[in-house]
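Presented below is the structure to which this report refers.
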Amino acid sequence: MATDSGPSTDESAYDYRSDDVARPGLVADLEELIEGEVRFDEYSRQLYATDASIYEVTPIGVVFPRSTADVAAVVSYCADREIPVLPRGGGTSLAGQTVNEAVVLDFSQHMDALVETRPDDRWARAQPGITLGDLNAALADDGLKFAPDPAWGDKSVLGGAIGNNSTGAHSLKYGKTDAYVEECEVVLADGTVTTFGEVTRDELRARADPDGDLEARIYAELERVLEEEQDEIDARYPDLKRNVSGYNLDWVVQELREDGVVNLASLLAGSEGTLAVVTEAEVSLEPIPATKSMALLAYDDLIEAMTDVSDILEHDPAAVEILDDVLVDMARETAEFADVVDMLPGGTRAVLLVEFYAETDEAGKRKVADLLADRTDGVDAQADPTDGGVSVSAPVRAFDALEAHEDAQREKFWKLRKSGLPILLSRTTDAKHVAFIEDTAIPPERLPEYVADFQALLDEHDTFASFYAHAGPGVLHIRPLVNTKTVAGVEQMAAIADEVTDLVVKYGGSVSGEHGDGRARTQWNRKLYGEDLWNTFRDLKTAFDPDWILNPGQVCGDVDMTEHLRFDPEYEFDAGFEETLEWDNDNGMQGMVELCHGCGGCRGPQETTGGVMCPTYRAADEEITATRGRANMLRQAMSGDLPDDPTDEEFMSEVLDLCIGCKGCAKDCPSEVDMAKLKAEVTHAYHQEHGSSLRDKLFANVDTLARLGSALAPLSNAASAVPGARTVIEKTVGIASDRTLPTFERESLQDWFADRGPQVDEAAADRKAVLFPDTYTNYSHPEIGRAAVEVLEAAGVHVQLADRTDSGRPAHSKGFLEKSRAAAEQNVEALAPAVAEGWDVVLVEPSDAVMFQLDYLDLLSGAAVETLAENTYGLCEYLDRFDLDRNVEWAAPGEALTYHGHCHQKATKKDHHAVGVLRRAGYDVDPLDSGCCGMAGSFGYEREHFSMSKAIGSILFDQVDDSDGETVVAPGASCRTQLGDRDAADAEPPHPVEKLAAALA
């Protein structure tokens, strides 16, 4: 549990655990055996009870091994006592294969190294916890990559890719993970450490001994399968590029026939941790394509598009992706994707995205031209088609087409395709688009019949789904809308799965072409493969794992898809308090609490994932600090799965305290979980129940303190410089002594403007704006406000200053919602009449601007606040939105700037405005794809948060150091404080408006 003691130079006292520990004797034994951490507390167990699936199973405990020796010690100990063990990576599995009543081995925290590479041999060796994004980033300089590319590759790990036999959008070129696993170091079910790789059939027979040790018995059983079961494997396995159901016996047989070798490492691909625990893997690599080109084909309906897939495959594309009318219509209604949908030809009801790899740009354009010449009628391509190019003797079905060759345009095409997941996952109703038959695989030539039958089946069950994803290899992502909180909904889900499996068998497909068996599909393997192969799977499992301790129940076990649902008919929700904020989504705050589906999008590193979230996870590498962890814990506390109330002291400290309110999750999370808003609600309830600290009250009332500091300046500034003063402040109030404190100016911005007045006549102005002088700008850095006035006036704006300085942001961020609501009411009352008369409201400080634009709508309702929000702008947003900077004569300074945008701006998609304005003013700007600076208002000042703040900041500092810019600029006051405190800084960096003012001619 976090404590509020110790100097700021020490590490914070967070241990990311609760105080209650299950099975302490088991914990003590394991801690004696290994170097890694052992966590059997209630928080850790609940954090690992879910993954990205619809399931929830509380594990026995969690272990974070540091080495193969640790893994072997844990497995050996558990084997002696028949305690189940579950290997886990990023927890991104969609079928429930990474949740179980077991001791979880989390490889993602410590065992995540790239051990060795041999670029000339296209070969790498790595530990199972390395993310595919990190692996590929390390290989990029050599022009190589690990070829399977699951959509969540920057969050999912190599061990998971092996366990799931992962692939991705480009499986037409690359196949599955099994094609790249050369050798694995593994821990067997008895704790034995061994290596699985290629052996000849003779070597396999020589090592086989049904009466020998565990490894010899494994070889004996595999030899028996190859001797006796090949005909059954040939007969029952579907002839598909994409099948990850059951054990990977067809691949083992194929390797034996083609290469004369047997590779047990290949058998582990798709085994979901049920056969052995991988601790290192050698994988082969592929060269990164030289260039890519894309075509977007438009169709009148989904079946027409499905019918065209097999003909398009004749052109040898790298990817063929489908998007149906359901998602096109839903995307059109969203702010983020509407502009992408607008590029589609009119009347489009289904889209196929076709991507080609090529050696040159011209070759890529010719491939697209060949496709359009063959599969469209009269659509002119950018290049001439190849003489004698591919021509399929089938009717033309696409009525129009677009093509993309530049990176930006191709990214736009892919953005359209990837719109499916966030749209489907944004529902806050009880009924959700759940994953349980979402990745069936069908031979592409049978897709039209299959889709038609599937649509009819959904109609019979009175529900619907969208059809999207990997049409080329026949893998469609289909998530029916189902309410599993009702008995009828659970029965509906099971019936749909049963009938879909019948369709899959009918059309020669697989129940899983990508996401695996897990709890969702294991039971259907008996129907898919027949009784004989089902028993073969079970015999193989027993040979590897005699007591069935490794992830028991999966692949060929007894898990039932309707059991252990996260939301089931017994689920109950009770927040424990009345919500205070406005929640305009379905089910209100409950809908938001239940929104996280567990995909792990918040766990991506800055280097490979970019974006804003989740800053504390990126610094701490702890599940409880990710948005997923907090969201799960909050839901579990409010549903009774976790004994704590959400307003308990320990829960607030360990679970919510390190959420810094960056709002990144509201943008970067596919489901758009708004953890900052949830934290504000719960913190408010905590204050109501337990009161609040002196420090929190001081920060919530910082506007009053700043006004006093300005009135007493320069004495107020000198006071903090008195020897020992900061130590006293740290010990009494809890403000870090190592943090630079704000100073105050005697002449505030309001004082300056009152003496000066506006310089642009209102009658002659292009626009008129009320500049809101936020606390920091008004009292600490009025020079920034003066620069803002000068730039606005240079742009032809008539400027007046607002009388108030408190936006309510400080109180809101500390959970004092009544105080922030009062500030909002006063500002709406003061400014709404001006807006009604044609005035705009402009703010220099991004977090205060977003307070007006977004948070006021959570505090108040009605036309006045909505109108104020719609007519409030950040300074550079205002200049850019209305092209005001084009009226300015700039001096073209030519200086190179490194731009760090504020996280609240990024969360509301407004951080790009400053970049555009600065560039038009003559600056060379490098905009960083950075997250939160880690200061986060008062967070970075607080003693127990100082080390976390600096750890988050160090990620930004590295990006700044890597930039070619001469000067850092940042619009956020907190950001500038953090950047000013870095070792390499001489002073706080300027606000962008100061650079704009300097560039005025």
Side-chain angles (χ1 to χ4, degrees), residues 143 147 149 167-175 179 239-242 258 286-323 343-345 348 350-407 409-414 416-417 442-449 470-475:
D149 57 345
T167 179
H170 298 93
S171 64
L172 292 172
K173 286 291 185 187
Y174 295 127
D239 183 16
L240 291 168
K241 289 180 178 291
R242 298 278 290 266
E258 292 180 355
E286 291 288 333
I288 297 172
T291 190
K292 304 171 186 177
S293 290
M294 291 186 73
L296 181 155
L297 304 183
Y299 297 86
D300 292 319
D301 62 54
L302 178 63
I303 301 301
E304 284 284 283
M306 291 289 95
T307 305
D308 219 16
V309 170
S310 58
D311 295 330
I312 289 172
L313 292 178
E314 295 297 317
H315 288 263
D316 192 29
V320 181
E321 302 284 298
I322 183 71
L323 199 71
M343 71 182 179
L344 296 178
T348 301
V351 171
L352 284 177
L353 295 175
V354 185
E355 185 168 68
F356 294 97
Y357 290 164
E359 290 301 316
T360 65
D361 291 339
E362 191 58 37
K365 290 180 180 180
R366 282 199 304 274
K367 289 186 176 185
V368 169
D370 290 347
L371 176 70
L372 298 188
D374 179 41
R375 306 310 311 144
T376 66
D377 187 9
V379 176
D380 292 330
Q382 293 183 23
D384 294 329
T386 307
D387 291 338
V390 176
S391 179
V392 180
S393 58
V396 169
R397 297 182 175 86
F399 71 85
D400 207 343
L402 303 172
E403 55 186 303
H405 305 285
E406 301 299 325
D407 289 347
Q409 188 65 13
R410 285 191 297 102
E411 180 57 34
K412 203 170 185 180
F413 280 20
W414 276 111
L416 176 64
R417 153 62 184 86
I442 303 296
E445 64 274 12
R446 307 300 300 273
L447 280 175
E449 306 158 85
H470 317 305
V475 180

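Screening residues 375-391 for salt bridge (Lys or Arg N to Asp or Glu O under 4.0 Å), with sequence neighbours left out, gives Asp308-Arg375, Asp311-Arg375. Under the side chain to side chain donor-acceptor pair (under 3.5 Å) criterion, the residue pairs touching residues 358-369 are Thr291-Asp361, with sequence neighbours excluded. The stretch residues 290-303 participates, sequence neighbours left out, in no salt bridge (Lys or Arg N to Asp or Glu O under 4.0 Å) pair at all.
Classification of the Tyr174-Tyr357 ring pair by plane angle, with boundaries at 30° and 60°, yields tilted.
Between the side chain of Glu403 and the backbone N or O of Gln382, at least one donor-acceptor pair lies under 3.5 Å. No donor-acceptor pair closer than 3.5 Å links the side chain of Asp370 to the backbone N or O of Val390.
In this view, Ser310 and Glu445 satisfy the side-chain contact (heavy atoms from CB on, under 4.5 Å) rule, not counting sequence neighbours. Qualifying side-chain contact (heavy atoms from CB on, under 4.5 Å) partners for Lys241, counting only residues two or more places apart in sequence or in other chains: Leu172. The side-chain contact (heavy atoms from CB on, under 4.5 Å) search around Glu449 returns Arg446, Tyr507, not counting sequence neighbours.
Note that CG of Leu297 and CZ of Phe399 are 10.5 Å apart. Values are rounded to the nearest 0.5 Å. Between the CD atom of Glu321 and the CE atom of Met294 there is a distance of 8.0 Å, given to the nearest 0.5 Å.
Looking at Glu355 and Trp414, their side chains do bring a donor and an acceptor atom within 3.5 Å of each other.
Between Pro444 and Gly474, the shortest heavy-atom contact is CG-N, 4.2 Å.
Looking only at side-chain heavy atoms (C-beta outward), Leu302 and Ile322 come within less than 4.5 Å of each other.
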